[in-house]
> 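Below are the structure tokens for one structure; questions will follow.
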Amino acid sequence: MTRPALLFSALAALALPACQGADAPATAAASAAPDVPEAALAALDSTRLRAHIATLASDEFGGRGTGTEGEAKAVAYIIEQFQAAGLEGGMPDGSFTQDVPLRSVRVSETTPLTFTPDTGAPASFEPVTDMALTTDTDGSAVALDGADLVFVGYGIANAAEGWDDYAGVDVTDKVVVSFVNDPPATAEEPNRFQADTMTYNGRWTYKYEEARRRGARGMLLIHTEDTAGYPFGVIADDALGAHPSAADAPEGALAVRGWISQRAGEALAEMSGASLDDWFERAGTRGFRAVELPVEADVSMQVEQTADLVGQNVVAKLPGRQPEAVVYGAHHDHLGTDEALVAAGQDGIYNGAVDNASGVAMMIEIARSLAAAGELERTVYFVTFTAEEAGLLGSGYFAEHPPVPLSQMVANVNVDSGNLNGETDDVVGIGSERSDLAGLLAAAAGAEGMTVTPDNAPNEGLFYRSDQLAFARGGVPAVFLGTGDTFRGRPAGYGQQVRAAYRADRYHQPGDELTDDLSMAGILQQTRVALRLGYALAASDLTPQWRDGEAFAEARRQSQAAD
């Protein structure tokens, strides 16, 4: 680590309490970072922010579904804006796009999911209402025909936590049933699985990964709003739509996987002589052992698969003096169009103004501003990702096929779902506490008269639900910049009300356009903070490191050792 980087590391450590509301350390951290030229700050424009969001979220762009004409229009618009800002194509051949090979998977027909107990009457659950299932495989028809079920609690195997929900059970060719999220902390173990902060073990993607490793035939995740963090409708409303998937079926592909409603989970528990509350209590007890259920499952699905789906990442760069890179990221895709709703005369376009036309707009304006700042020490990449909504597929592909090695990437700043609800006194830096980025973010926010608060929804695992995860897993320190809690001129608790209203009315819903009630004041604040953060890294040799004991630090060590 260079001398300035050592200084920054020390100051960042002092600034960590700023993530808990202290103000003084932010001033100290600011002294370690270069000031952003006024010309760069002045180049930020809320009118242009609004115009970008309005364009990307317009009906013309058709919900920006991956591999659709709507995505092609979005990609063309983003490239046009980057070129106008003076950026170069960021791929090694000088182009602005990176093709991401995918396949499209759509369950075209499905029977109800039926649970049949050894004794008693069977119960069936309809698609969309109570189940949302798909497949890992590349087949055109999949089925569970009297499949054995095993309840595996939270479906976690973590040696460091001394936890193995699969201990003593063979689930080969069986269907495992699991909760999402982590086992809750207890009075005896208040820091179990990072207390109220979801770990990667809590993510539904991890549950599938572990089930595949164990040779399971399928997996059913029991949904509750408390454990998932969103209503069942967010998953189920588009259950029968076409969804991008990785080009190749994963090793250990699950024949059937997906979610069942809380109602279906309760019925399954009762057929097994328990209740859902009993299952939660047992699954959260150290030493839990999986339970083979006296119930069989049946479902049959017809699947339409298209192997030639291609999404596109947009990759632009602002060359610096050094090959080391700072990477801004935001996903440009959304959920496309629900043709059934359109055919019924309803609004079926998932416009995605907040998620994530807003983040792309922020990044375009940051690119314009940094281009106005003069030559930088480090190269800055601006990447908009495809297929984020399908499971971070675009960012995952970028991290596997980067234009420069991950070891040369200093940090990733991800902007996803900007604040369109008004000015705040704070910002949230999700994941910043995992690295020295905490201090630098505190400095950037402090320069705007703002503080940094902790993740305002730690149990939802937001760090694992957006594109910065691909960088972190590759060892690159990363932060997901989120909306603060304290809205100026609003009473305490307004931030929670805003998030609840968004989740109920706009999140993954058709019609999420840029309306007159949405404000540019808050997103302009966020954009200025994100600009300051990136500039501090791009105009210096400050080199943030992961905190001691952070799991991602080992990936960083390995990538740098490989160079």
Side-chain angles (χ1 to χ4, degrees), residues 107 109-136 141-156 165-181 183-184 204 207-208 210-211 214-228 231-233 235-236 239-240 254-285 287-303:
V107 175
E109 297 179 29
T110 179
T111 64
L113 173 66
T114 300
F115 294 137
T116 304
D118 287 352
T119 58
S124 295
F125 299 93
E126 295 292 330
V128 180
T129 304
D130 282 301
M131 60 97 158
L133 303 179
T134 187
T135 182
D136 278 345
V142 294
L144 301 178
D145 185 7
D148 293 330
L149 298 176
V150 182
F151 174 59
V152 293
Y154 286 91
I156 293 173
D165 287 326
Y166 288 89
V169 64
D170 182 1
V171 299
T172 303
D173 205 35
K174 298 176 182 178
V175 175
V176 293
V177 180
S178 168
F179 294 130
V180 292
N181 218 310
W204 56 268
K207 313 295 183 180
Y208 293 149
E210 193 62 46
R214 301 285 174 158
R217 182 178 175 188
M219 185 170 213
L220 303 177
L221 299 175
I222 300 174
H223 176 277
T224 72
E225 193 159 344
D226 286 342
T227 55
F232 187 69
I235 305 159
L240 301 181
L254 301 172
V256 174
R257 63 168 172 82
W259 298 74
I260 61 174
S261 68
Q262 182 170 339
R263 188 174 80 93
E266 288 170 343
L268 181 58
E270 289 171 7
M271 288 179 178
S272 305
S275 69
L276 207 57
D277 287 340
D278 292 335
W279 277 7
F280 270 116
E281 182 176 354
R282 289 156 67 179
T285 302
F288 163 83
R289 288 295 179 265
V291 180
E292 299 196 46
L293 304 181
V295 182
E296 293 180 343
D298 293 271
V299 69
S300 178
M301 300 188 295
Q302 297 296 312
V303 186

> Which heavy-atom pair separates W204 from L221 by the least distance, and what is that distance?
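Here W204 and L221 meet closest at CB-CD1, 3.6 Å.
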
> Give me the atom names and distance for the closest heavy-atom approach of S272 to L293.
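Where S272 meets L293 most closely, the heavy atoms are OG-CD2, 3.6 Å.
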
> If only atom types and distance count, is the side chain of K207 paired as donor or acceptor with the main-chain N or O of L220 below 3.5 Å?
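The answer is no, because no donor-acceptor pair under 3.5 Å joins these two groups.
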
> Are the side chain of T135 and the backbone N or O of A255 linked by a donor-acceptor pair below 3.5 Å?
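Side chain of T135 to backbone of A255, a donor-acceptor pair under 3.5 Å: yes, one is there.
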
> Evaluate the criterion side chain to side chain contact (heavy atoms under 4.5 Å, CB included) for residue pair V176 and R214; output intermediate values, then yes/no.
CA-CA 10 Å; V176 293; R214 301 285 174 158; over 6 Å; no

> Spell out, as yes or no, whether a donor-acceptor pair under 3.5 Å connects the side chain of D298 to the backbone of G146.
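The answer is yes, because a donor-acceptor pair under 3.5 Å joins these two groups.
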
> For the residue pair W279 and F179, categorise the inter-ring angle as parallel (less than 30°), tilted (30 to 60°) or perpendicular (more than 60°).
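Rings of W279 and F179: perpendicular, as their planes differ by over 60°.
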
> In Å and rounded to the nearest 0.5 Å, what is the CG to CZ distance from D148 to R217?
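It is 9.0 Å, given to the nearest 0.5 Å.
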
> Just so I know, are the side chains of R282 and V291 near enough to count as touching, which here means a heavy-atom distance under 4.5 Å?
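With C-beta onward as the side chain, the pair touches.
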
> Quick one: closest heavy-atom pair of P112 and P127, and the distance?
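Smallest heavy-atom distance, with atoms named: CA-CD, 4.5 Å.
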
> Could you pull out the closest heavy-atom pair between D165 and G153, with the gap in Å?
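Smallest interatomic distance, heavy atoms only, reads OD2-C, 4.4 Å.
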
> Judged by atom type as modelled, is there a donor-acceptor pair below 3.5 Å linking the side chain of S275 to the main-chain atoms of D278?
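Present.
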
> Just how far is it from atom CZ of F115 to atom CG of L268, taken to the nearest 0.5 Å?
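Here the interatomic distance stands at 4.5 Å.
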
> To the nearest 0.5 Å, what is the distance between OG1 (T134) and CZ (R257)?
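CZ of R257 is found 5.5 Å from OG1 of T134.
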
> I'd like to know if the side chain of T227 and the backbone of H223 have a donor-acceptor N/O pair within less than 3.5 Å.
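Flag not set: sc T227 to bb H223 has no pair under 3.5 Å.
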
> Taking side chain as C-beta onward, heavy atoms only, is D136 less than 4.5 Å from Y208?
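No, their side chains stay 4.5 Å or more apart.
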
> Does any part of the side chain of M131, heavy atoms only, come nearer than 4.5 Å to the side chain of T110, both counted from C-beta?
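Yes, their side chains come closer than 4.5 Å.
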
> Closest heavy-atom contact between V107 and L133?
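What the structure gives for the nearest pair is CG2-O, 3.5 Å.
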
> Rounded to the nearest 0.5 Å, how far apart are CD1 of I260 and CZ of F232?
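Answer for the CD1-CZ pair, I260 versus F232, is 8.5 Å.
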
> For a quick test of reading the model, state the closest non-hydrogen atom pair linking V150 to A290 and the distance between them.
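Scanning both residues, the minimum pair turns out to be CG1-CB, 4.0 Å.
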
> What distance do D226 atom CG and F280 atom CZ have between them, rounded to the nearest 0.5 Å?
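Spacing of CG (D226) from CZ (F280) equals 8.0 Å.
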
> When rounded to the nearest 0.5 angstrom, what is the spacing between OG1 in T111 and CG in L113?
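Going from the OG1 atom of T111 to the CG atom of L113 covers 8.0 Å.
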
